Amino acid sequence: MSLDASVTELSGVGEAMAEKLARLRVERIVDLLFHLPLRYQDRTRITPIATLRAGVEAVVEGEVRAAEVVRGRRRSLLVRLKDGSGILSLRFFHFSPAQQQQFAKGVQVGCFGEARAGSTGLEIYHPEYRLVQSEAAPVDEHLTPIYPATEGLAQPRLRALIQQALKRLNDDPGALGEWIPEPLRGRFRLPSLLESLRYLHEPPPDAPQERLAEGRHPAQRRLALEELLAHQLSLRQVRLRIQTDGAPPLAGSGHLQARFVTQLPFSLTRAQRRVLDEIGRDLEREVPMLRLVQGDVGSGKTVVAAMAVLAAVSGGYQAAVMAPTEILAEQHFRQFRAWFEPLGIEVGWLAGRLKGKARLDAKAAIADGRAQVMVGTHALFQDDVVFQRLGLAVIDEQHRFGVHQRLALRQKGENGGLTPHQLIMTATPIPRTLAMSAYADLDLSVIDELPPGRTPVHTVAVPDERRGEVIERIRGACAEGRQAYWVCTLIEESEALTCQAAEVTRETLGEALPELEIGLVHGRMKAAEKAEVMDAFKTGELDLLVATTVIEVGVDVPNASLMIIENPERLGLSQLHQLRGRVGRGRVESYCVLLYHPPLSHYSRERLGILRDTTDGFKVAEKDLELRGPGEVLGTRQTGLAQMKIADLERDRDLLDTVTALAEALLSEAPDAVEPLIRRWLGSEAGRYGQV
Ligand code: ADP
Ligand code: MG
């Protein structure tokens, strides 16, 4: 019978048990094989009592010297056990009279448990034990696995089920597909899947326990590698699926682009030009571009997007620019209109708040092609929005846009069945190796240079007691005609509380700084209100803007030179870095004040220190990854990488190069293994990608 059969095929597994197993994500027999131990107990050898240490689990065997009920703070049964080396106490707080009688003087007892320092010396509370008959084998052959368990399904039962699954595997070793063929295993020095699984369920007595505990044993790494490989291959398949569609080649004359560049008040940086070349080569092709542009805050991604948009427009196609929030979308809309209207290009706007006739008009302009460039939020890609000839989709701040949305975009090309080119922009720079796994469906470009003349933002951490000084600083900056942000961070995941706090802060700052015009934006305000406030800040009507982290991305007010971030310890490093990127956009010296509530933990101190010492977004991201791990930094939604069963992106980062090389090798040398490999690890998930 196949290992893919339901667990109910195993003896003793009925509906109730199947439900418990399902809680552990075990549905098929094969899932049991991949249900790996969290850790091991060593019951393979008897430890002499004299060598026991507190905190260590061990098998001990000895002779009962005495057993008595003692009265301390709690009544307990105390059994004194002696071997040739010393004496140990077993202590039972729950016990029956029969149990008490079992421990007659002279009886031989084998037991297992964790030793601890007790009132009689070393003691084991409630050990597992048995009375030793002379012929019984006192110890196990293998280390004892401890599996992730669930209520009503304890270790012994789980072990027995896994043993059943292993037995099936032993009866028919071919039943488990080995999708990394022997030559590749040899080249990459990998143990076979079969060996690895057997080893992990039944490690020999001399197995390196510490390495196993760290998850760095070759058998574990083989499995982690395979899982990472499956994820990478599935992303590559998404890419292939998108790229089997045709896209409009957007060679363009470059005429519009040239006019645009000459009208800019600055010249492009070398990094911007290089990335534009990369994009240009993609756009000329008849397969959809799938490119991620990474660039630190302020590196000038918007201009790069604009140039790509112009390539679409001059090729006679529409372009859509999507931002994650209305504030940002609105800002892009203004920017693009200011840039493009002089060139005679029609720029449209669509967001959730556009209602009624205005919405119908916008949709009509999109459908008949009058709107050459559309700027907006997710609303742009809803089902009821039909483009006439969409040639390019630009997605700003990729971290809220996932694989599924990427696939869904295919249907937006509409006319002639062409799929739009996709350009994705992010200010969260992640190291290249990691990017190649997390975004294996995308090509990567990096804007690794800031425009000249930027003065790096000085960052200081200041305790809340010095709030008064900080307020004086705002007064000073604004008196010189500068502007400032005051950012209130999220309180306990509650947007409502955070917005309230921002309102209170605005009040108190208003009292302390009566001469300043102070505005407020937060997530609970209507989009139109927010836009109005942002506008007033941008035009300089407001001196100080109190905001929640809604201003995190993209907001561009070069005259702002001071930012206060309250309770910075609540945010990730990359997020803080992006926030402070809102200042330092002009030529004056800019400051970011991290206003924290003491005492800071050692960890928070270290984090804020990194921000103070580093202005390079890549370095900040590296540290952020080190401290928080990739799951947190990348966000879980879009990658799926954070929900892996065995692999851990942080621990297994050194495998990522191998994963990429192995993916290449597998695709060219064993392409038939790709599908089953993905299915093994992603199951129905992979199926979902396929359906879109
Ligand atoms: P981000 O990469 O964070 O989206 P923006 O595109 O908003 O950055 O650019 C930040 C600021 O830098 C804008 O005011 C923009 O006009 C300006 N800028 C962009 N490219 C250059 C350049 N090559 N030289 C000078 N300023 C530039
Ligand atoms: Mg931007």
Side-chain angles (χ1 to χ4, degrees), residues 257-258 260-277 279 291-310 321-340 342 375-377 393-401 423-430 444-457 483 485 534 537-540 549-561 563 574-588 590 592 615-618 620-621:
Q257 289 178 329
F260 172 69
V261 171
T262 49
Q263 105 189 350
L264 287 174
F266 48 75
S267 52
L268 298 175
T269 62
R270 203 157 14 110
Q272 283 170 321
R273 286 200 307 269
R274 190 192 63 243
V275 170
L276 279 169
D277 278 346
I279 293 170
R291 186 167 288 280
L292 176 67
V293 173
Q294 293 188 340
D296 205 347
V297 276
S299 62
K301 294 183 291 293
T302 322
V303 177
V304 169
M307 291 284 277
V309 166
L310 289 175
V321 179
M322 190 187 85
T325 65
E326 293 208 353
I327 287 191
L328 200 52
E330 167 103 36
Q331 182 170 313
H332 278 336
F333 172 57
R334 284 155 192 248
Q335 177 74 79
F336 279 53
R337 208 173 40 182
W339 277 338
F340 291 166
V375 182
T377 58
V394 176
I395 295 132
D396 198 7
E397 302 306 339
Q398 148 287 337
H399 59 281
R400 300 176 209 200
F401 198 78
L423 181 63
I424 296 143
M425 317 275 232
T426 178
T428 308
I430 60 171
L444 189 61
S445 291
V446 183
I447 308 181
D448 51 6
E449 179 186 6
L450 291 180
R454 292 279 163 82
T455 42
V457 181
Q483 290 164 281
Y485 296 97
M534 289 309 297
F537 189 62
K538 201 160 183 176
T539 56
T549 48
V550 292
I551 60 153
E552 177 189 339
V553 282
V555 171
D556 188 26
V557 180
N559 189 46
S561 67
M563 172 177 284
S574 295
Q575 207 186 350
L576 285 168
H577 177 71
Q578 290 196 24
L579 271 174
R580 76 172 165 185
R582 304 302 120 222
V583 292
R585 301 197 148 218
R587 293 193 172 264
V588 292
S590 295
C592 173
T615 51
D616 176 335
F618 271 92
V620 171

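Numbers for residues simply follow the sequence, beginning at 1. None of the values given here were measured: they were computed from a predicted structure. Counting convention: from 1, in listed order, for ligands and their atoms alike.
From T549, atom OG1 reaches atom CD of Q575 across 5.5 Å, with rounding to the nearest 0.5 Å. We find the OG-CZ distance between S267 and R273 to be 7.0 Å, quoted to the nearest 0.5 Å.
With a heavy-atom cut-off of 4.0 Å, T269 touches ligand 1 through backbone and side chain alike. Here D296 has backbone heavy atoms under 4.0 Å from ligand 1, and that is the only part of it that gets that close. Neither the backbone nor the side chain of A427 comes within contact range of ligand 1; no heavy atom lies under 4.0 Å. Residue contacts with ligand 1, taken as heavy atom pairs separated by less than 4.0 Å, involve Q272 solely via side-chain atoms from C-beta onward.
Note: F336 and F340 have perpendicular aromatic rings, judged against thresholds of 30 and 60 degrees for the angle between ring planes.
For the ligand labelled ligand 1, residue A305 lies outside the 4.0 Å heavy-atom shell. No heavy atom of G295 sits closer than 4.0 Å to any atom of ligand 1. Taking a 4.0 Å cut-off on heavy atoms, P558 fails to register as neighbouring ligand 1.
Taking every non-hydrogen atom of S267 and a distance limit under 4.0 Å, the qualifying atoms of ligand 1 come out as 22 (C), 23 (N), 24 (N). Near S299, the atoms of ligand 1 lying under 4.0 angstrom from a non-hydrogen atom of the residue are 2 (O), 8 (O). The distance from ligand 1 to the heavy atoms of T302 drops below 4.0 Å at these ligand atoms: 4 (O), 5 (P), 6 (O), 7 (O). Near L268, meaning under 4.0 Å from any of its heavy atoms, are these atoms of ligand 1: 23 (N). Listed by number with element, the atoms of ligand 1 under 4.0 Å from a non-hydrogen atom of V297 are 3 (O).
Between V620 and R580, some side-chain heavy-atom pair lies under the 4.5 Å cut-off. Residues S445 and R291 have side chains in contact (heavy-atom distance under 4.5 Å, counting atoms from C-beta outward). You'll find the side chain of V275 stays beyond 4.5 Å of the side chain of V446, heavy atoms only. You'll find the side chain of V293 stays beyond 4.5 Å of the side chain of T426, heavy atoms only.
No N or O atom of V303 sits closer than 3.5 Å to an N or O atom of ligand 1. Taking only nitrogen or oxygen atoms, main chain and side chain alike, G298 reaches within less than 3.5 Å of ligand 1.
Checking side-chain atoms of Q483 against main-chain N and O of F537 turns up a donor-acceptor pair under 3.5 Å.
Electrostatic pairing of D448 and R274 counts as a salt bridge here, judged by a charged N lying under 4.0 Å from a carboxylate O.
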